[in-house]
Q: 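Okay, handing you the structure first.
Numbering of residues begins at 1 and proceeds along the displayed sequence. Note that ligands are numbered from 1 as they come in the structure, with each ligand's atoms numbered from 1 the same way.
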Amino acid sequence: MEVGVSLERAIELACATPMARRSEILSLDEARGRVLAESLASKVDDPRFDNSAMDGFAVRAEDCSENGAVLRIIGISQAGGEMPPAVSAGQACRIMTGAPLPSGADAIVMVEDTSVEGDSVTILGPARPGFIRRRAENLAKGHEALPSGASLTPASLALAATMGHGEVKVVARPRIAILSTGDELVPAGSELNEGQIHESNSHALASLVERMGCEAIRLEAVQDSLDNLRSTLDSLADCDAIITSGGVSMGEFDLVRKIMEEEGDIHFWRMQVRPGGPPLFGTWNGTPLFGLPGNPVSSQVVFTILVAPWISHCLNYHNELGPRLARRIRVRLQDSVRGAPGKLCLRRIRINSEGDQLTASTHTHQGSGNLHSLVAHDALTLLPPDTNAEVGQTIDALWLS
Ligand code: AMP
Ligand code: MG
């Protein structure tokens with residue numbers, strides 16, 4: 001077991017014990033919001049044929065060099081209709097947006113720039129080759145436009161459909177159990193007796209787990225007793241991973257750490273970060289287990305910086321296009337922020353856009369029990385150990401999504 005590791009080392013150690021990646025084939029309807037398990041290549045050219053970007057007339061540009069040219073209308077090209085007749089010198093063909101370009105035509109005049117009388121059209125504006133959408137100009141058949149590990153967002157679902165895929169192979173959602181520990185915890189909505197508080201971490205963690213493309217199995221909190229903890233952990237053998245919160249510090253009742261030390265296998269304990277110093281990672285009967293701190297802010301921060309990258313690694317998510325909870329940015333501080341001795345410091349900040357810069361401000365106190373600080377802010381500083389940052393300084397931060 002390593003004790004007091006850097007965030008980078010913690011991620012490295014956790015990634016050495018991944019959970020399995022499985023895949024399944026789903027229809028596009030079922031695949032919304034899922035993650036591709038293999039790259040998707042286009043089965044077709046997009047567009048499939050040269051077509052018009054405008055409602056108007058398909059013409060030969062050379063016939064329209066003079067304003068007021070009169071051309072004979074020889075037919076119509078409709079989206080989904082029959083192939084239109086060829087256009088010869090002095091002729092024009094009505095054409096609708098998305099309809100195939102008649103052979104012989106090399107430009108489109110917008111309907112707004114024409115005047116029609118009987119079967120003649122007078123050309124009153126430019127004939128533009130640029131109004132023709134050329135075959136395969138978006139995507140050629142065989143092009144891998146959607147990489148493995150990309151999220152099926154609204155745009156990528158539509159692109160998969162455009163490319164001809166009615167079904168896609170996606171990453172199966174691993175089952176991740178979420179277990180809060182603490183004698184003081186009762187479910188939200190229940191009456192509080194003396195010394196009790198509403199359990200909140202499991203709700204945040206379940207939501208974070210789902211946003212990382214996994215299935216959250218949220219359990220009721222367990223009491224601080226080794227027997228309860230052991231039997232609950234043993235009941236989770238069919239889960240792919242376990243996330244606990246609470247009970248990993250130095251206290252007498254910090255039993256997650258104790259039971260993992262005595263009966264499980266701890267790979268590291270404590271991380272050089274603030275908030276969120278005491279997490280542990282290891283296995284319980286072979287199942288990867290993250291022991292997150294109980295403090296509400298700490299549990300979410302540690303999930304974001306440690307568990308989310310582990311999930312991305314295990315499930316082979318695409319760096320830019322896969323599910324993620326945060327993106328690294330540079331921001332100029334509007335308020336000073338205090339760092340932490342020997343620890344990477346993740347203060348909560350709010351990102352604003354000012355001129356050509358992102359700036360950051362603080363709005364609440366930064367206690368690791370103050371959940372409001374995570375609601376009122378939308379980013380975390382990445383202040384290196386032993387550094388404070390002053391107003392006007394530009395620093396690294398994680399913009400939470
Ligand atoms: P612990 O890590 O168990 O010492 O808990 C640290 C602090 O977080 C204590 O104030 C706990 O009451 C609080 N806490 C622990 N777990 C939860 C939870 N699931 N929901 C809300 N607060 C919690
Ligand atoms: Mg506790």
Side-chain angles (χ1 to χ4, degrees), residues 1 3-5 10 176-211 216-233 235-236 239 241-264 266 268-282 284 289-308 340 343 346 348 364-376:
M1 166 170 71
V3 178
V5 297
I176 300 189
I178 293 155
L179 182 62
S180 302
T181 68
D183 288 343
E184 73 281 30
L185 305 175
V186 298
S190 338
E191 288 294 322
L192 294 175
N193 289 328
E194 200 153 332
Q196 295 184 325
I197 61 168
H198 290 128
E199 193 283 307
S200 62
N201 290 351
S202 69
H203 295 283
L205 293 171
S207 181
L208 290 167
V209 159
E210 285 180 0
R211 284 172 58 183
I217 315 290
R218 197 185 68 79
L219 305 163
E220 293 306 331
V222 295
Q223 303 268 300
D224 289 319
S225 106
L226 285 177
D227 288 341
N228 281 343
L229 206 49
R230 183 183 305 109
S231 63
T232 308
L233 290 175
S235 74
L236 301 175
C239 289
I242 301 169
I243 297 175
T244 65
S245 80
V248 286
S249 306
M250 302 290 272
E252 212 171 307
F253 297 99
D254 286 329
L255 299 184
V256 174
R257 183 180 50 78
K258 189 169 156 67
I259 201 169
M260 281 293 287
E261 218 164 58
E262 293 173 359
E263 304 173 35
I266 302 185
F268 72 80
W269 177 48
R270 303 188 74 84
M271 223 161 62
Q272 291 155 349
V273 300
R274 176 177 292 170
L280 63 79
F281 174 79
W284 179 266
L289 182 148
F290 286 90
L292 303 189
N295 274 311
V297 172
S298 310
S299 64
Q300 292 184 51
V301 167
V302 175
F303 185 98
T304 302
I305 61 176
L306 174 65
V307 186
K343 292 178 171 182
L346 299 123
R348 276 119 280 150
T364 68
H365 85 81
Q366 298 273 345
S368 60
N370 183 18
L371 269 178
H372 187 230
S373 71
L374 272 178
V375 174

Q: Can you name the residues that come within less than 4.0 Å of ligand 1, going by heavy atoms only?
A: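 Contacts of ligand 1 under 4.0 Å: Ser180, Glu184, Leu185, Ile197, His198, Glu199, Ser200, Asn201, Ser245, Gly246, Gly247, Asp254, Gly294, Asn295, Pro296.
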Q: To the nearest 0.5 angstrom, please state how far the NE2 atom of His198 sits from the CD atom of Glu191.
A: 7.5 Å
Q: Taking atom CD as the centre, does Glu262 end up with more than 12 heavy-atom neighbours from other residues, nucleotides or ligands that are less than 6.0 angstrom away?
A: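 Atom CD in Glu262 is crowded, with more than 12 foreign heavy atoms closer than 6.0 Å.
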Q: What residues, two or more places apart in sequence or in another chain, satisfy side-chain contact (heavy atoms from CB on, under 4.5 Å) together with Arg230?
A: Leu226, Asp227, Asp234, Ile259, Glu263, Trp284
Q: Fit a plane to each ring of Phe290 and Phe281, take the angle between them on a 0 to 90° scale, and name the class: parallel (under 30°), tilted (30 to 60°) or perpendicular (over 60°).
A: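 Tilted: the ring planes of Phe290 and Phe281 meet at 30° to 60°.
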Q: Is any side-chain heavy atom of Ile242 closer than 4.5 Å to a side-chain heavy atom of Ile176?
A: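 No, too far: nothing below the 4.5 Å cut-off.
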Q: Let me confirm one number: the CD-CZ distance from Glu184 to Phe253, rounded to the nearest 0.5 Å.
A: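 Rounded to the nearest 0.5 Å, the CD-CZ separation comes to 11.0 Å.
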